[in-house]
Amino acid sequence: MSIRTRFAPSPTGYLHIGGVRTALFNWLLAKQAGGQFILRIDDTDAQRNVGEALQPILDGFRWLGIDWDEGPEIGGPHEPYFQSQRLDKYQAAAKKLLDSGHAYRDYATTAEVTAEREAAEKEKREFVYSRKWMAETDKQAAAFEAEGRSCVVRLKMPRDGVCRIDDLIRGEVDFEWAREQDHVIQRADGTCLYHLATVVDDHDFEITHVVRAVEHLSNTPRQVFIAQSLGYELPQYAHIPFVAEPGSKNKLSKRKIDKYLNNKDFKRLYQSGAAVAEQIGQAVDPSTFNPVLVDFYRDIGFLPDALVNYLLLLGWSLDGETEEFSREEMLKQFSLDRVVKSEASFDPQKLTAFQGRYMNRFHLKHKAKMCTGFLEKAGLVSAPIECEELAYLKQILEAADDRIGMAGDILNFDTFFVADDDLEFEEKPFAKRLLKPDQAGFLLGEFRKLLATTPEFVASDLEQVLHGFCETHGIQPGDIIHAIRVAVTGKAAGFGLFDTLEVLGRERCVNRIELALSELEKRRGQTVE
RNA sequence: GGCCCCUUCGUCUAGCGGUCUAGGACUCCGGCCUUUCACGCCGGCAACACGGGUUCGAGUCCCGUAGGGGUCACCA
């Protein structure tokens, strides 16, 4: 029988990276064996805009290259894949459990059950429902109804023995049945609850391996009970550790972003993203723009392969040495038995390092394509980009080499794209390199003249020109190079100066130096006053 | 609190009784390269939670303790 796995997101409007990690393991396990990976939508909680809240999740998976064989938008042989459209199946299952005596109608009010629970707590005794309001016959039910009570359906859990779960990752785990509660599986309004639904669906969809986060481990006995009572064959369970917060072992949560921002690495990641977002005019509302969510990475120009590779290693390793896995390699090598048992903290720096490696190896052509979107959104090139601009971008990318860690980093080179008149000089480098050195203005002026007359405006020649210039004036290259960089780019850092000059071209270099000089004059005047 | 899970450098991990003076990666710190910023290269700091067993021998097996986490809904 072929392996069938599933990932079952609730339509919440975002894709959590911890969820992606779980989905990835499921996907890998199924696809490597030629099986199917199914996406099922857990929307029994019923909100209105399921479609709207689902789209970002589907988009996220598509971006990551995690494709599903059955599920929303593509359907499949077990349609529908939305729990909200399968309610009748759950009700049928509930009825079956009722009929077979594995569940019962319970007429207790919430207050009555709560009272029992609290009493048990007070006496420091384990709570087990008294089943006082249990109705196993129609006659009993009628009596309760005559009192004006309504009922829910509860599981009639065993009160002795042990539930042994054979977990592919944790081995055998025992739970005493007596400690399990008579969980509600159907509400008073007739709708059914998650645990019933998930068991029914997993069976209907012929899921062979349930790979999910450990927080579900303690829920498993009741699901086993439901499945067995319904006569289902049990799937293989594999409870993987969850993805934890940076610097702690708590579960990574989107809502705690404020706390994570106190972590310096997390903050750095967030800020580099926020800088990009700001330049392209994207909102940085933490509910959507958040390093815990996949969209964040897409929006600032990460490579999906880098994210996936990082996530793969968060809780799994091949040999402790190999770190880079292409999709083919991970499909070939992945195995559940090498999944780590303990929770793994999310490490923004390591993720960034993976991204850097992947980006460096990325083809210039593709890099240009990725960067184009950011330049367009920032209004630095025409939208859509024109041929000349694209060629210009490629020149910059070539010179920038591995200084583009993520596509959004192209915006660090924004001054290459602005009109000369709009060039702004960064305050500190301008002061340090132009304002402070007495000679800077004079040297810059002289160098500008030289640039205006240099026959070939190419990097190698320009380097010669500069060296000659230094000799004439009896200075070291370092005495003038920084000033030139600030003058033509407005910034202290960038790629090689001669490449910078060549890329900008003679006219702009000359213009910008002139601009810098007049700015210098202006400021010198101010300081004198 | 009950139950369950987990515990090797700051972080991700290798290790399945001797080859461990514990390996790799990220970070960090030096150095080299260098016109800046990066990259790259070389080097360095840094861990078996603790206590008992078992054994000739324990990071590796067993039992405790401690710590961390999860779960205990008419949420998913």
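Proteins come first, then strands; the chains are lettered A, B, ... in the order of their sequence lines, and each starts at number 1. Computation of the quantities below employed the complete heavy-atom set of this structure, encompassing side-chain atoms and omitting hydrogens, waters and symmetry-equivalent molecules.
- Separation of the P atoms belonging to B:U60 and B:U27 is 31 Å when rounded to the nearest angstrom.
- Residue A:Phe127 is classed as having no contact, given no heavy-atom separation below 4.0 Å to the nucleic acid.
- Rounding to whole angstrom units, CG of residue A:Leu314 and P of B:U13 are separated by 6 Å.
- Comparing B:G59 with B:U7, their C1' atoms sit 12 Å apart, to the nearest whole Å.
- A:Phe442 and A:Phe447 have their aromatic ring centers separated by at least 6.0 angstrom.
- Rounded to an integer number of Å, the gap from A:Leu312 CG to B:A25 C1' is 14 Å.
- Residue A:Asn250 places at least one side-chain N or O closer than 4.0 Å to OP1 or OP2 of B:G69.
- Each of A:Arg222, A:Arg117, A:Lys156, A:Arg131 was scored for a salt bridge (Lys or Arg N to Asp or Glu O under 4.0 Å) with A:Asp182, with one residue passing: A:Arg131.
- Ring geometry, A:His473 versus A:Phe469: the interplanar angle falls from 30° to 60°, so the pair is classed tilted.
- One interatomic measurement links the two molecules: CZ of A:Phe7 to C1' of B:A76, which rounds to 11 Å at whole-angstrom precision.
- Ring-plane geometry between A:Phe25 and A:Phe334 is classed as tilted, the angle between the planes lying from 30 to 60 degrees on a 0 to 90 degree scale.
- Proximity of A:Thr110 to the phosphate of B:C74: no side-chain N or O atom is located under 4.0 Å from OP1 or OP2.
- Checking the phosphate oxygens (OP1, OP2) of B:A38, no side-chain nitrogen or oxygen of A:Arg357 falls inside 4.0 Å.
- Taking atom CZ of residue A:Phe266 and atom C1' of nucleotide B:U11, one finds them 15 Å apart after rounding to whole Å.
- Evaluation of atom-type donor-acceptor distances gives no pair under 3.5 Å for the side chain of A:His183 against the base of B:A73.
- Between A:Val152 and A:Gly478, the residue whose closest nucleotide on RNA chain B is further toward the 5' end is A:Gly478.
- Scanning atom types as modelled, no donor and acceptor separated by under 3.5 angstrom connect the side chain of A:Arg170 and the base of B:C5.
- Comparing atom distances between the A:Phe175 side chain and each of B:G70, B:G24, B:C3 picks out B:C3 as nearest.
- The phosphate of B:C75 (OP1 or OP2) has a side-chain N or O of A:Arg187 nearer than 4.0 angstrom.
- Considering only side-chain atoms of A:Lys249, the nucleotide from B:G69, B:C4, B:A14 that sits closest is B:G69.
- Summarising the geometry, the separation between CG on A:Asp182 and C1' on B:C74 is reported as 14 Å, rounded to the nearest angstrom.
- Proximity of A:Ser345 to the phosphate of B:U11: no side-chain N or O atom is located under 4.0 Å from OP1 or OP2.
- A:Glu118 places its CD atom 14 Å from the C1' atom of B:A73, with the value rounded to the nearest Å.
- Between B:A76 and A:Arg212, no contact under 4.0 Å exists linking OP1 or OP2 to a side-chain N or O.
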